[in-house]
Amino acid sequence: MSENLSRTVQTTKVVIETEYGVVAAQHRLAAQAGADVLAAGGDAVDAAIATSFAIGVLEPWMSGPAGGGALMLWRAEEGRAQALNYGMRSPAALNPADYPLSGRGVAGDLFPWEEVVDGRNVQGATAVAVPGLVDGMGRMHARYGTLPWADLLAPAIAFAREGLLVDWYAALIIASTARELAKHADAAALFLEDGQWPRISGWTALTKQRLDQSRMADSLSRLAEKGARELYDGELGASMAADIQAKGGSLSHDDLRAYEARFSDPLSFAYRGARFDVPPGLTAGPTFRAALDLMAQRDIGAAPGAAAFSAYAEGLFHAYADRLSSMGDSGETETEQGCTTHFSVVDRHGNMVAQTQTLLSIFGSRVISPSTGFLMNNGIMWFDPVQGRPNSLGPNKRCLMNVCPILGEAEGTRFAFGASGGRKIVSSMVQMASFAADFGMDISDVFHHPRIDVSGGTAIVADETLADEVLDALRENHPVTLTKRSVFPYAFACPAGVMRRDGRNTGCTEIMSPWGDAICEEPNR
C-alpha cells in the first residue's frame, strides 16, 4: 500500500432498487447504453450486446471486438441457465518453436510462465489469437435477441465517432503502458502524443482531448450492416488477418472462418442450500466450484469472520493448485471448454446476463489492426510456453481463461456477478458468492465488504480494514500482505453485478472504480 494515500477517505456507491431493469458495468456510458436498450423494449440479451460493443469503445484497453470471453444467461420463463463460451483460440499455423524460452525464469506479466524471448507470447502480432467476441454476440442475438442487430451496435458506433474522452483516469491507464505502446506505431499513434507521451491535460485543466476512433467506427458500422460473421467470413475479417500477418503474426482468414462460439449447459451445483451456474471447461468456473466444494466442508460461522475467511483462503489455495497443474486443452478432444471487463444485466422480467470479455493484458498485444481500427488481443499468453503440460502452447487450441461469470440463487434471491482482474477474479467471486448465499447480504453489503486475494503461490493479500481476528487467523497458515482498496492499481478484482429479490432489481460495481456504475432502466426515456 502506498504511504502517500489518505487514511481518512471513505468511498461508497449508492445502490438504487427498482422494478425495472439494471445494467452494472465498468463504464457508466456503456451501462447507460444497455439501460436505454431495456427502456426501448429490449430484454437482458439485447442490453448485454449493446453494452458489450459500447464498452469495447469506451474501455478499449480492456476489451473489444478483437477479444473473447464467456457469459452466463438466465432465462426466467424457462427457469434455465446457459453458458456461452466465445473464448479465443490459437491460430492453426502457430509453431511453438517460434516461442523459445529466454532462460531468465518467470516472466513478469499475468501468469507464472517461463519468459519467452522478446516476449513474443505477450505482445506484438505473434501474441494475437483468434478473437471470439463478435461471433459470440452474433450467436446470442440469433437465439434470443428481440431488437435489430444494427440498433444494438448503434451506441458503440456513436461513441467511436465522437472518440473516447481522455479524462484523468484514461490518461492514467494510458500512461501505465506508454513505454510498451510506443513500440507499436499504430497503437502509439492512437493513444500517445508524438508517438511517446500519454495524452493528458494540465492538472487544473478541463480536458477536451479525445481519441480518434473513426476507423473503429467504420468497422463497427460494417458489422452493423453485414452481421457478426463479417469479421470471420467477410472482407473485414480478411483485412484484419492480413494486417496481423503483415506484422509477423500467424492469424489467418481461415482461422476466422473456422471459428465458432459455443452455447453449452452450465456447470451447475448445489452449495449449502444455494445453487450456482458457472461456465464449464477452460474457464475459472471449475476452479470456483472446487473452492466452494472445500468450503462446504467447513464451519464458516454465522457472519463473515475468521472462520469464513480461513475457509475462503484454504478453498482457494487448493482450487488454484489444481487449476494450474491440471487444466488446459490437450487438442485431442472436442470437449467444451488482466485486462478484462465485466458487466451484468437484469431486466424487468428477471432475465439475467453475467458477461466477461477481455483482450487479456491491458491494451492486449498493443497491436492495432490498421484496416479495422481494432486493438488486438494477446490470447497466446494464456498458454504455458513450456511443452508437455496440460495448457502448453500449440496450434488450434482453446485458451484457458480466468473469466468467471456466475449465476447464483439462494432463498429466493438471484444474482449475476463477475469481475475483471485476471487471476484475482475467482477469489473475488468465491467470497462475494458466499457473502450473498451464506450470509444473505444485499448487493450493497456484498460490494462494500472487504476481501482477500489468493491467486496461487503461498501468500494472501488482505484488505487492511478486515477485523484483526480475521487477519490473525489468516496469518496462522500463510504470510499476509495488507493493502488498501484504491483506484489504481487494483489489489483485488474489479466486480460488477446485479441482484433480484422479490421482483425488485439492484446493481453495483467496484466501489473504487471511477467509471463503473449501475444504471437503471428509465421506462419513459
Side-chain angles (χ1 to χ4, degrees), residues 21 23 33-34 36-38 40-56 63-89 130-157 219-237 240 253 255-266 277 279-281 283 334 336-337 343-347 349-357 374 398 403 405 407 416:
V23 182
D36 288 347
V37 165
L38 294 177
D43 86 346
V45 161
D46 299 305
I49 294 168
T51 304
S52 170
F53 282 103
I55 208 163
S63 71
L71 61 83
M72 292 300 306
L73 285 169
W74 175 256
R75 303 305 296 173
E77 277 193 11
E78 303 173 30
R80 177 188 177 205
Q82 294 177 73
L84 176 59
N85 189 313
Y86 50 96
M88 307 170 207
R89 297 185 70 101
V130 186
L133 185 144
V134 174
D135 187 59
M137 296 305 94
R139 292 179 189 276
M140 186 164 67
H141 183 262
R143 182 171 292 195
Y144 290 116
T146 64
L147 298 184
W149 170 257
D151 290 358
L152 303 181
L153 272 68
I157 295 167
S219 296
L220 290 171
S221 295
R222 189 172 182 87
L223 286 176
E225 176 189 358
K226 299 286 188 179
R229 289 303 300 183
E230 171 64 16
L231 190 64
Y232 299 87
D233 307 325
E235 293 180 8
L236 197 64
M240 184 172 72
H253 198 194
D255 291 323
L256 293 166
R257 290 190 187 101
Y259 184 87
E260 292 185 1
R262 295 183 178 181
F263 278 101
S264 71
D265 291 332
D277 299 291
T283 69
E334 287 300 314
E336 259 295 326
Q337 11 178 237
F343 54 89
S344 293
V345 184
V346 59
D347 64 26
H349 305 295
N351 300 307
M352 289 183 168
V353 178
Q355 181 163 340
T356 312
Q357 57 190 53
F374 294 156
R398 299 179 187 88
V403 301
L407 299 174

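Keep in mind the model is a prediction, meaning the values are calculated, not measured. Positions are given from 1, in the same order as the sequence printed here. Hydrogens, waters and symmetry mates play no part in the numbers below; they use all other heavy atoms, side chains included.
At least one donor-acceptor pair closer than 3.5 Å links the side chain of N351 to the backbone N or O of A76. Looking at R80, its side chain never comes within 3.5 Å of a backbone N or O of L73 through a donor-acceptor pair. Between the side chain of H141 and the backbone N or O of L147, at least one donor-acceptor pair lies under 3.5 Å. Proximity of a side-chain donor or acceptor of H253 to a complementary backbone N or O of Y232 within less than 3.5 Å is detected. A donor-acceptor distance shorter than 3.5 angstrom exists from the side chain of D46 to the backbone of T146, with no hydrogens or angles considered.
Distance check, rounded to the nearest 0.5 Å: CG of L220 to CZ of F374 gives 5.0 Å. How far CE of M352 is from CE of M72: 12.0 Å, rounded to the nearest 0.5 Å. Atoms CD1 and CD, on I49 and Q355 in that order, are 8.0 Å from each other to the nearest 0.5 Å. Atom OG1 of residue T51 and atom CE of residue M137 lie 10.5 Å apart, to the nearest 0.5 angstrom. Distance check, rounded to the nearest 0.5 Å: NE2 of H349 to CG of L38 gives 9.5 Å.
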Point to revise | Full working for side chain to side chain contact (heavy atoms under 4.5 Å, CB included) between K226 and L236 | key: CA-CA 10 Å; K226 299 286 188 179; L236 197 64; over 6 Å; no

Point to revise | Working for side chain to side chain contact (heavy atoms under 4.5 Å, CB included), residues S52 and L133 | key: CA-CA 9 Å; S52 170; L133 185 144; 3.7 Å; yes

Point to revise | Chi angles and distances behind the side chain to side chain contact (heavy atoms under 4.5 Å, CB included) call for M140, Q82 | key: CA-CA 11 Å; M140 186 164 67; Q82 294 177 73; over 6 Å; no

Exercise for review: Check step by step if side chain to side chain contact (heavy atoms under 4.5 Å, CB included) holds for F53 and V134.
Suggested key: CA-CA 9 Å; F53 282 103; V134 174; 4.1 Å; yes

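Side-chain contact between S219 and P65 is absent, with no heavy-atom pair separated by less than 4.5 Å.
The cationic atom of R143 (NZ for Lys, CZ for Arg) lies less than 6.0 Å from the six-membered ring centre of F263 and within 45° of the ring axis.
For residues 63-78, every residue pair satisfying the side-chain hydrogen bond (donor to acceptor under 3.5 Å, both in side chains) rule, not counting sequence neighbours, is listed here: D43-R75, S63-Q357.
Closest non-hydrogen pair, G145 versus V45, comes out as N-CG1, 4.1 Å. The shortest non-hydrogen separation linking A54 to A33 is CB-CB, 4.2 Å. Nearest heavy-atom pair across I157 and S221 is CG2-OG, 3.5 Å. In this structure, R229 and D135 approach most closely via the heavy-atom pair NH1-OD1, 2.9 Å. Contact detail for M240 and P131: the closest heavy-atom pair is CE-CG, 3.9 Å. Residues Y86 and A261 come closest through the heavy atom pair CB-CB, 3.8 Å.
With sequence neighbours excluded, no residue satisfies side-chain hydrogen bond (donor to acceptor under 3.5 Å, both in side chains) with D151. Every residue two or more places apart in sequence or in another chain that forms a side-chain hydrogen bond (donor to acceptor under 3.5 Å, both in side chains) with R222 is listed here: E230, E235.
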